[in-house]
Novice: 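Handing you a structure now.
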Amino acid sequence: MGENINIEKIFGSKVFTLDKMKERLPKEVFEEVLKVNQEGGELSFESAEKIATAMKEWAVENGATHYTHWFQPLTGITAEKHDSFVTHPKSDGKMLLKFSAKELIKGEPDASSFPSGGLRSTFEARGYTVWDTTSPAFIKEGGCGSILCIPTAFCSYTGEALDKKTPLLRSLEAINEQSLRIVKLFGNTEAKKVSVSVGAEQEYFLIDRKNYLKRDDLIFTGRTLFGAQPPKGQEMDDHYFGVIRERVGAFMADLNEELWKLGVTAKTQHNEVAPAQHELAPIYEEANIATDHNQIVMETMKRVAFQHGLTCLLHEKPFAKVNGSGKHNNWSLVTDNGVNLLDPGDNPNDNFQFLLVLSCIIKAVDTHADLLRQSASDVGNDLRLGAAEAPPAIMSIFLGDQLDDVVRQLVEKGEASRSIDGGMLQTGVSTLIDFEKDGTDRNRTSPFAFTGNKFEFRSVGSSDSIGSPNTILNAIVAEAFCEAADILENADDFETELHNLIKDNMAKHQRIIFNGDGYSEAWVKEAARRGLPNIKTMVDAVETLTTDKAVKLFEKFKIFTKSELESRQEILYESYVKSINIEANTMIDMVSRKFLPAGIKYSKELALTVNALDDAGVDNSVQLGILEKVSKKLSEMNKALENLISKHDKALEITDVKEKAVYIKDNVVEAMDNLRKPTDELELIVDKALWPVPTYGDMLFEV
Ligand code: ADP
Ligand code: MG
């Protein structure tokens, strides 16, 4: 692998693309597929039968032995159960491989162990996976051989969504319908569909697998729960965009090759800010496919890392005190006749469709800042959002100088007569070509930034699915579009009403716009003054899912029913409780059975030396001093350990899941921090040869 890659040849070779369907299907069946893909609707059973056969033949030719319905339950990762194409042998002993429409369309994984938040009682354990015809099937190669993966949605017997894909698909229908109303108002009657384009930049860490296997915290929780700072961190800024080291480069080359085969447009790769941190960005594509592809990217990263003796850490904060990992979700809306609704053009002040769209997005984000914040929350992201590196927990929009100026003109004067342009960039070096600058510089601290012709939602956690963030974005913008279209479709004087609406949206919601430093203390105060929500944790964010405002929004656009929202809420509380539980247990175990014993061993060595030196009549003050320090840390650790155990036991007694989550957030997390501190301090005193796990220095600088 890795040598002489012919991208054109391998790209999509493991995907059952439209092209392959065209080759293998009768013309009328293929046309039906195209129609469903473009306009929605359902395939007939007869066609599905033909597609199943063609898909199986293609898969078998490509070495597949099994198929699976590939789905995204609320655990946040993908799930699969493999079935081989094997049937009863014929009388002559020969094997006829089969795959029917029924098997393609619907699966019934005995799904009682997936989280359902009360939607599916365990005695009624039916859950169905349903073929998503809009995302192509693909062949995954791995330890199990080659498996045909069929992207599916996962729902209960009564049709409630049990996954991340179903609501996303529903939200895509909603935004399509409402966006079409908007473009029609501006005379675009040819557009039949408005799609969401998404490009998800993925950050990750790579460490040596032999170090990973020596750390229970990484194995059980995906992050380090202990670890003193190494002599060097990220302060030199020498990793970001630095030359990619050989071993990492070899990993990236194989990763790209695997992704290209799976039809993922891996495009950009570079070293990130923290040591051992890297990023991969694909080219943007339709949101549903981008979401599936992001899952594939994460899975493939883990698999290829394994093959290279590495471990890929996707946790939001694998290491304390260096940058964590996120996922920038780039989002825009584009019509099937090629208009990007978020493209301001050269003179945004004159581009009324753009201004209306922009004003609706401003309104949507301000109205539902809480939901947007929720959509990017997970346990790991609590360690990232709000710390001084990732976007803050307060949602705000960065527009940049050019648009900010247009909004200001509109709000202050009722109209915008001019747009600032970027001017020419002159380097002062005659041989470098001067070029036209963007109208806007970048702002790295904003959670939701306008970047040219798209919005970049930067709060999403690196391990999370982008399903929820995009579902929420689509839903809240669909609502604002719908409210605008309701007014404008009935306007007597369109131009005046349009002007008023744009101005109104911007004036009422301009508090959400912030172009300054999102990491500063001053912004926290200013945001509070503006009345913007500052939701600090995942547990606090979960509340926002069932406010009247949220239920109204989701029910109106048929994205979630109230009971689906309640079930999700329960699942989120549960997953928080379980995750922190595992972290606390791991800490208790590591301190009790690794770090305390290491300290005790070292103190014994010191004590023996102290006595021996004393007997010999030699100065032993250094040894005695260290012994006292070690002993002091051991007693601090022991106290903190007992405290954590008691808080943790108390949490386990609480039966109500929300109450439990809140208690854990307010008590257990702090007790964990208090145990980490003396342990990390002990690490810096104890003989390294006695320290039972690899250190930050070993993990971050050894690849
Ligand atoms: P930037 O440097 O502004 O972050 P890049 O061109 O590096 O932009 O793109 C970052 C990500 O955004 C990539 O995944 C890219 O494909 C995606 N992207 C670019 N344009 C759009 C768009 N119009 N809609 C959605 N995503 C986009
Ligand atoms: Mg980045």
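We count ligands from 1, going down the list as the structure has it; atoms in each ligand are counted the same way.
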Novice: Can you confirm whether more than 12 heavy atoms, excluding those of D346, are under 6.0 Å from its CG atom?
Specialist: no

Novice: Using a 4.0 Å cutoff against the non-hydrogen atoms of G199, which atoms of ligand 1 qualify?
Specialist: 14 (O), 26 (N)

Novice: With atoms numbered from 1 as shown, which atoms in ligand 1 lie under 4.0 angstrom from a non-hydrogen atom of N340?
Specialist: 23 (N)

Novice: Provide the number and element of each atom of ligand 1 under 4.0 Å from a heavy atom of E456.
Specialist: 4 (O)

Novice: Select one of side chain, backbone, both or neither to describe which atoms of H328 lie under 4.0 Å from any atom of ligand 1, heavy atoms only.
Specialist: neither

Novice: For ligand 1, note which part of E201 has a heavy atom under 4.0 Å away: side chain, backbone, both or neither.
Specialist: side chain

Novice: Quick one: sort the F154 and F71 rings into parallel, tilted or perpendicular, breaks at 30° and 60°.
Specialist: tilted

Novice: If the plane angle is over 60° it's perpendicular, under 30° parallel, otherwise tilted; pick one for F455 and F448.
Specialist: parallel

Novice: Please identify each residue that fulfils salt bridge (Lys or Arg N to Asp or Glu O under 4.0 Å) with E80, with sequence neighbours left out.
Specialist: K140

Novice: Please work out which of the three classes, parallel, tilted or perpendicular, describes the rings of Y204 and F251, given edges at 30° and 60°.
Specialist: tilted

Novice: As an exercise, identify every atom of ligand 1 less than 4.0 angstrom from a heavy atom of I283.
Specialist: 16 (O)

Novice: Check whether any N or O atom of W331, backbone or side chain, sits under 3.5 Å from an N or O atom of ligand 1, and answer yes or no.
Specialist: no

Novice: Under 3.5 Å, which donor-acceptor pairs link side chains of residues 509-516 to any protein atom two or more places apart or in another chain?
Specialist:
from, atom 1, to, atom 2, distance (Å)
H509, ND1, D366, OD2, 2.7
R511, NE, D366, OD1, 2.9
R511, NE, D366, OD2, 3.3
R511, NH1, R530, O, 3.1
R511, NH1, G531, O, 3.3
R511, NH2, D366, OD1, 3.2
N515, OD1, L399, N, 3.0
N515, OD1, G400, N, 3.2
N515, ND2, D404, OD1, 3.2
N515, ND2, D404, OD2, 3.2

Novice: What verdict does the side-chain hydrogen bond (donor to acceptor under 3.5 Å, both in side chains) test give for H278 and E272, after you've listed the backbone C-alpha separation in whole Å, the side-chain angles of each residue and the deciding distance to 0.1 Å?
Specialist: CA-CA 5 Å; H278 312 278; E272 259 298 333; over 6 Å; no

Novice: Backbone or side chain, does any N or O of T451 fall under 3.5 Å from an N or O of ligand 1?
Specialist: no

Novice: Select the closest option to atom 14 (O) of ligand 1 among S197, P282, A449, A281, judged by heavy-atom distance.
Specialist: P282

